[in-house]
Structures are given as C-alpha cells and as structure tokens.
Number of protein chains: 2
Amino acid sequence: MRKTFLFMDTVINKVDSKGRVSLPADYRAIVKELGSEIVCYRSLVSPCIEGCTEDLLEKLASEIEDSNDFFSQTQDDLTNLIFGDAKRFTFDSTGRIVLSEKLLKHAQIKDTAVFVGKGRKFQIWSPENWEKEEERIRAEVMKKRPVLNTRKTGENA
Amino acid sequence: MRKTFLFMDTVINKVDSKGRVSLPADYRAIVKELGSEIVCYRSLVSPCIEGCTEDLLEKLASEIEDSNDFFSQTQDDLTNLIFGDAKRFTFDSTGRIVLSEKLLKHAQIKDTAVFVGKGRKFQIWSPENWEKEEERIRAEVMKKRPVLNTRKTGENA
DNA sequence: TAAATTACCATGATATACCATAAATATAAA
DNA sequence: TTTATATTTATGGTATATCATGGTAATTTA
C-alpha cells in the first residue's frame, strides 16, 4: 500500500473520433487507491484541460469555507469558475475516459493528447501547445533560478 | 530501525541495452525502510539524472498545496517542470530500475552509470561527465579554501 | 426507434517480474 | 594474516503481465 499520490511524468496517448483517451496507468492507480474520481475542467489561464481527484476539489472547497475573508474576491471568483466548469470523468474497464467536445476544443486537441503531471493535479495538452508551453516555462524558470534556489521548495537543482 | 536516511558514496554500475541498471544496494535499503519509491528526473542545470524518494516530492507537493496559492503562475510553472518530468521507478526483485531513453539521453549515458550520493538526493552521471564535474567541484572548493579556513579558526578562538 | 453513450472483447506492443549465473563482499576457520 | 565458506549483490536472458487502442455489443435517452 503506497502512501504518496502524485501525478507525474509526461505521457502521450491517442484520442479517437469519439474523444476516448486512455488515462495513463499511473494516474488510474492513484484514483483507484484513493477511491476517488477524476475531475476535469478547462484551465483558466492556458489552452489545456486540467484534472485532479475529486478529493482535491473537496479540500479546496473546505478551505474556502473555513477562511472566508482570507481569500480575495478574485480567488473566490476563480473557484466559482472551476466548480461551474468541472465534471466527473469515470473510466471504463480498459482505462479510458471520454473527453467532452467543450474540453477538447478549449485545448485544441484533435487526435493526440499529452498528459503532464503536476503533483496533485495534471494537465492535458495538444502536442503543439505543450511544446510551446514547455519552452516558455523553461525560459521562465531559468530566469528565476537564483530566487528559487534560496527558497526551501527549490528541490530542483 | 535507523533514523538517518542519506544517499552517500559513489557507485559505478552497468546499463544494459534496455536501460536497466542496478540501484546501489545502500540506496535500495533506504527506499525499502522508508516504504517509499525512487523518483528520477532530468537535472535542470547539469547533464545528469537526479533522483530522490517519492516522500521528498510529496512534501514539496504538500507545501505548494498548503500555501493558499492555488492559482499562482510561478507555482504552476514550477510544478509543471518538476512533476511533468519526474517519474516513479520501482525496482524488481533483483534491484534494477529501467531508465527511460529521455533520461539516458539527457545524461549522455550509454553503458555505464555513476551514482553519486547527495544526502536526500542522488545523481546519475556518465563516467565522462562525472569526471569533469568532480574536477570542477574540486577547483571550486580550492578557490573558497581561504574563506573556509578563516571561518574555522574564528569559531575555535 | 434512432442516436448517442457506455461497457466489454481482442490484439499487438511494451514493459515488468522472474530465473540463473557471475562477481564481489563479508564471515568464519585455520 | 591467509584461506575457505557463506551471503549478498550485479547482470544477462527470458517468460509473463500490463497497457494502449481499434473494434463491437449493450445500454441509455431523447
């Protein structure tokens, strides 16, 4: 029995004409062990689909509940957007989910999906958009490297 | 039951045509006792593979989660880079992991891997790159020696 | 009843687990 | 210290299980 649940790695899977994609096996294992479900929604800031376990959204909801004025109005609005957009995606016996037209369109995904782990969350990109995004991030992080290294979370040497 | 968990020493192992390498026995012992798994990713700054226990990344994920910063751009970038690249590597009954083509290429490893302990983390180098790196480190330390000596005598005084 | 959605089966490719042997290290006896 | 024995560790090869994916049947719902 494992004790850590992290979405990791970058996995490329095919999307068929009905929007079916295999959720990476590692991701499925996490969902299964947590006894939770996958929830997906359109990213608010990027042309990609964002996903996490229902547990995480539950936690987010509780936090907002518990610390009303701690959160800015902006963040409250953002969470509203997410909960309004989010939807459960159960996978069948072969491990596939069916992504909706709305999500696929937002991420500009046609026949190939790139799953990118983000720890508690993950993202689904089109190959083209992900390539651009990865480049942008690398440049950005290299620029900020000195700052990151002094931080405790700078475990990425 | 031991209480310290440090990756130490330098170990040279062979990499076969499928990318299989024996994880040094000492490293395996740590992972086993922690009940965790090995996670590897490309170093952001060096031509080497970096590894740690999943526990360590889990801590990082928790910190991000608890920082009430669900929508921060910088964190988004960081998590993408770290977790998007990282991957779990479980070892079989003989103690081997299978390194991916991506990692081997980044570290320029062909048939020999050099494991270098770094405390909570470790690195995997090609023999050639490691030789250079070790030299660089030695030179760097020698440059700083006068400073180190002053500090030591200052404390004793 | 037609369209759409969901669940199930089949297959090839890939990755994983296992077995056997060789090398290295540690332990015990001389 | 030297030699012999036992134990752990590293590595080559192979069988097995898992996974992604195309196709189809069953079920829903409009």
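All chains are named by letter (A, B, ...) in the order of the sequence lines, taking the proteins before the strands, and each is independently numbered beginning at 1.
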Given Watson-Crick or G-U pairs with both distances under 3.5 Å, what dot-bracket string fits DNA chain C, with | for other-strand pairs and [ ] for crossing?
-> ||||||||||||||||||||||||||||||

For a quick test of your reading: what N or O donor-acceptor pairs under 3.5 Å do the side chains of residues 98-107 of chain B make, sequence neighbours left out?
| from | atom 1 | to | atom 2 | distance (Å) |
| --- | --- | --- | --- | --- |
| S100(B) | OG | L103(B) | N | 3.3 |
| K102(B) | NZ | D85(B) | OD1 | 2.9 |
| H106(B) | NE2 | S43(B) | O | 3.2 |
| H106(B) | NE2 | S46(B) | O | 3.0 |

Between P of dT8(D) and CG of L23(B), the distance in whole Å | 18 Å

I12(A) CD1 - dA20(D) P separation (whole Å) = 13 Å

Between F7(A) and F83(B), is the gap from one ring center to the other below 6.0 Å?
-> no

Figure out the NZ/C1' separation between K14(B) and dG12(D), and round it to whole Å.
-> 11 Å

CG of D16(B) versus P of dA10(D): gap in Å, rounded?
-> 14 Å

Length of the line joining D26(A):CG and dT18(D):P, which is rounded to integer Å | 14 Å

Taking atom types as modelled, find out whether S62(B) and R120(A) have a side-chain donor-acceptor pair closer than 3.5 angstrom.
-> yes

Could you give the OH-to-P distance, from Y27(A) to dA20(D), as a whole number of Å?
-> 11 Å

Carboxylate-amine/guanidinium proximity below 4.0 Å for E133(B) and R136(B) = yes

Charged N-O contact under 4.0 Å between E54(A) and R88(A) | yes

Please check if any side-chain donor atom of W130(A) sits under 3.5 Å from a side-chain acceptor atom of E128(A), or the reverse.
-> no

How many Å lie between CG on N13(B) and P on dG12(D), as a whole number?
-> 11 Å

Rounded to whole Å, the NZ-C1' distance (K18(B) to dT14(C)) equals 12 Å

Should E140(B) and K143(B) count as an ion pair when the cut-off is N to O under 4.0 Å?
-> yes

Going by the salt bridge (Lys or Arg N to Asp or Glu O under 4.0 Å) test, name the single residue among K14(A), R20(A), K18(A) that passes it with D16(A).
-> R20(A)

Check: N13(B)/S22(B) side-chain N/O donor and acceptor closer than 3.5 Å = no

Nucleic acid contacts of residues 87-99 of chain B, taken as heavy-atom distances under 4.0 Å to DNA chain C = D92(B), S93(B), T94(B), R96(B)

From the options dA20(D), dG22(D), dC18(C), select the nucleotide whose nearest atom is closest to the side chain of R20(B).
-> dC18(C)

